[in-house]
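Please read the structure below before turning to the comments.
All values derive from a computational prediction rather than experimental measurement.
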Amino acid sequence: MSDKENAGNVVENIIKMGLARVKRADSSPTPTVNVIQKALVIGGGIAGMTAALSIADHGFGVDLLEQEDRLGGNLNWLQDTLEGHNLKTLLDEKVSMVEKHPLITIHTKTSVINTSGEAGKFSAILKNHEEENPYTLEHGVVILSTGGTEAPTTSYGYGTSDSIITQKELDAKLSENTIDTNKLTSVTMIQCVDSREEPRNYCSRICCMSTLKNSLRMKTINPDLSIYVFYRDIMAYGFSETFYSRARK
């Protein structure tokens with residue numbers, strides 16, 4: 001009211017803005033979609049189990065699908081982390097929580113044959129590897145957590161000698177005690193094999209962590225062991241820089 005000369009312009013602009021909104025207003029009711037209150041999670045690894053528990057804890061039913069005969073995915077062969085956390089304990093806890101949850105139905109040895117439907121209402125045809133007839137499952141949402149696998153390679157002589165193995169194979173052999181670290185005199189580790197170049201022009205963010213973990217593990221068993229690491233960059237992100245410094249020392 002203190003600026004009476006401009007008051008008319010202010011009121012006029014407010015009215016114009018209101019009319020502009022009315023021009024584009026839709027008088028028809030907002031469409032709604034009926035959603036089946038159930039989720040399908042494909043993949044029973046740590047990601048799939050975590051997703052299933054999160055949804056089920058909110059009160060919705062979940063069908064958890066795993067093509068292998070047991071849950072766990074990569075945690076079934078991975079024993080510990082760079083930080084020393086025991087992954088078997090984590091695996092046992094998660095599997096127990098999933099199996100005991102009343103809203104989670106587990107389908108092991110099962111694959112997806114076909115899917116169809118639309119947002120809120122999907123239909124998946126599933127096939128148990130030990131049964132002849134497939135069956136249909138309806139759900140309102142699907143989460144893909146099919147996990148990661150080690151990329152195949154023939155570089156650097158892999159496949160031509162038992163002495164040339166991958167970090168995953170080394171990790172498994174150390175855990176199973178099928179490799180005698182005390183009998184080794186030197187080990188060479190090659191980073192970024194077939195990676196960070198076409199057609200895999202990216203960093204996997206796990207290889208360097210595996211190298212640091214296995215290097216420190218082997219040096220603990222055999223302090224006299226010489227380990228050589230060939231790399232473009234060591235991607236020791238976050239607090240893992242501490243383990244990189246320890247390995248360099």
So how far is it from Glu138 CD to Lys38 NZ, rounded to the nearest 0.5 Å? 9.5 Å
Residues passing the side-chain hydrogen bond (donor to acceptor under 3.5 Å, both in side chains) test with Lys109, sequence neighbours excluded, are Glu130
Partners meeting salt bridge (charged side-chain N to carboxylate O under 4.0 Å, His left out) with Glu198 (sequence neighbours left out): none
For a 4.5 angstrom cut-off between non-hydrogen side-chain atoms, does Thr115 reach Phe122? no
Other than Leu78, what residues sit in its cluster of Ile, Leu, Val, Met, Phe, Trp and Tyr side chains whose heavy atoms are under 4.5 Å apart, directly or through others? Val41, Ile46, Met49, Leu53, Ile55, Phe60, Val62, Leu64, Leu71, Leu75, Trp77, Leu87, Leu90, Leu91, Val95, Met97, Val98, Ile104, Ile106, Ile143
Can you hop from Ile227 to Met209 via hydrophobic side chains spaced under 4.5 Å? yes
Using the side-chain contact (heavy atoms from CB on, under 4.5 Å) rule, take Ser204 and Tyr202 through it: C-alpha gap first, then chi angles, then the decisive distance, then the call. CA-CA 6 Å; Ser204 299; Tyr202 58 84; 3.9 Å; yes
Give the intermediate values and the outcome of side-chain contact (heavy atoms from CB on, under 4.5 Å) for residues Glu83 and Phe243. CA-CA 8 Å; Glu83 297 79 11; Phe243 299 95; 4.1 Å; yes
What residues, two or more places apart in sequence or in another chain, satisfy side-chain hydrogen bond (donor to acceptor under 3.5 Å, both in side chains) together with Ser111? His129
Mind checking what makes side chain to side chain contact (heavy atoms under 4.5 Å, CB included) contact with Ser161, not counting sequence neighbours? Ser163, Ile164
Test side chain to side chain contact (heavy atoms under 4.5 Å, CB included) applied to Thr105 - qualifying residues, sequence neighbours left out: Asp63, His107
Calculate, to the nearest 0.5 Å, the distance between atoms SG and CG belonging to Cys192 and Asp233 respectively. 7.5 Å
For the backbone of Ser116 and the side chain of Ser123, can you confirm whether one donor and one acceptor N or O come within less than 3.5 Å of each other? no
Give the intermediate values and the outcome of side-chain contact (heavy atoms from CB on, under 4.5 Å) for residues Arg217 and Ser175. CA-CA 10 Å; Arg217 191 174 179 181; Ser175 299; 3.3 Å; yes
How long is the straight-line distance from CD1 of Ile125 back to CD1 of Ile113, given to the nearest 0.5 Å? 8.0 Å
Between Tyr231 and Leu212, is there a shared hydrophobic cluster once you connect ILVMFWY residues whose side-chain heavy atoms come closer than 4.5 Å? yes
Please, which pairs that meet side chain to side chain donor-acceptor pair (under 3.5 Å) have at least one residue in residues 178-193, sequence neighbours excluded? Gln191-Thr211
Tracing side-chain contacts under 4.5 Å among Ile, Leu, Val, Met, Phe, Trp and Tyr outward from Leu137 reaches Leu40, Ile42, Leu65, Val112, Leu126, Tyr135, Val142, Leu144
Is the shortest side-chain N to carboxylate O distance from Glu66 to Arg70 below 4.0 Å? no
How far apart are the closest heavy atoms of Cys203 and Met235, and which atoms are they? SG-CG, 3.8 Å
Between CE of Met218 and OG of Ser226, what distance do you get to the nearest 0.5 Å? 11.0 Å
Can you list everything that forms a salt bridge (charged side-chain N to carboxylate O under 4.0 Å, His left out) with Lys88? Sequence neighbours excluded, please. Asp92
Nearest-0.5 Å distance, CG of residue Asp224 to NZ of residue Lys219: 7.0 Å
Heavy-atom count check: over 12 atoms from other residues, nucleotides or ligands less than 6.0 Å from Tyr237 OH? yes
Passes side-chain contact (heavy atoms from CB on, under 4.5 Å), Gln37 versus Val35? Steps please. CA-CA 6 Å; Gln37 303 293 294; Val35 178; 3.7 Å; yes
Going by side chain to side chain contact (heavy atoms under 4.5 Å, CB included), name the residues that satisfy it together with Asp162, two or more places apart in sequence or in a different chain. none
Pairs satisfying salt bridge (charged side-chain N to carboxylate O under 4.0 Å, His left out), at least one member in residues 97-108, at least two apart: none
Would Leu216 end up clustered with Ile221 when hydrophobic side chains under 4.5 Å apart are linked, directly or stepwise? no
Just by distance, do the side chain of Asn74 and the backbone of Gly148 share a donor-acceptor pair under 3.5 Å? yes
If only atom types and distance count, is the side chain of Asn13 paired as donor or acceptor with the main-chain N or O of Asn9 below 3.5 Å? yes
Do the non-hydrogen side-chain atoms of His101 and Asp57 ever get within less than 4.5 Å of each other? yes
Take atom NZ in Lys127; do more than 12 heavy atoms of anything else shown fall under 6.0 Å from it? yes
Quick one: do the Arg232 and Ser195 side chains pair a donor with an acceptor below 3.5 Å? no
Please go through Ile206's hydrophobic cluster and name the other residues, only I, L, V, M, F, W, Y counting, with side-chain heavy atoms under 4.5 Å joining them. none
Interatomic distance, NZ@Lys168 vs OG@Ser210, rounded to 0.5 Å, equals 11.0 Å
Passing candidate, side chain to side chain contact (heavy atoms under 4.5 Å, CB included) with Lys213, options Leu170, Thr81, Leu82: Leu82
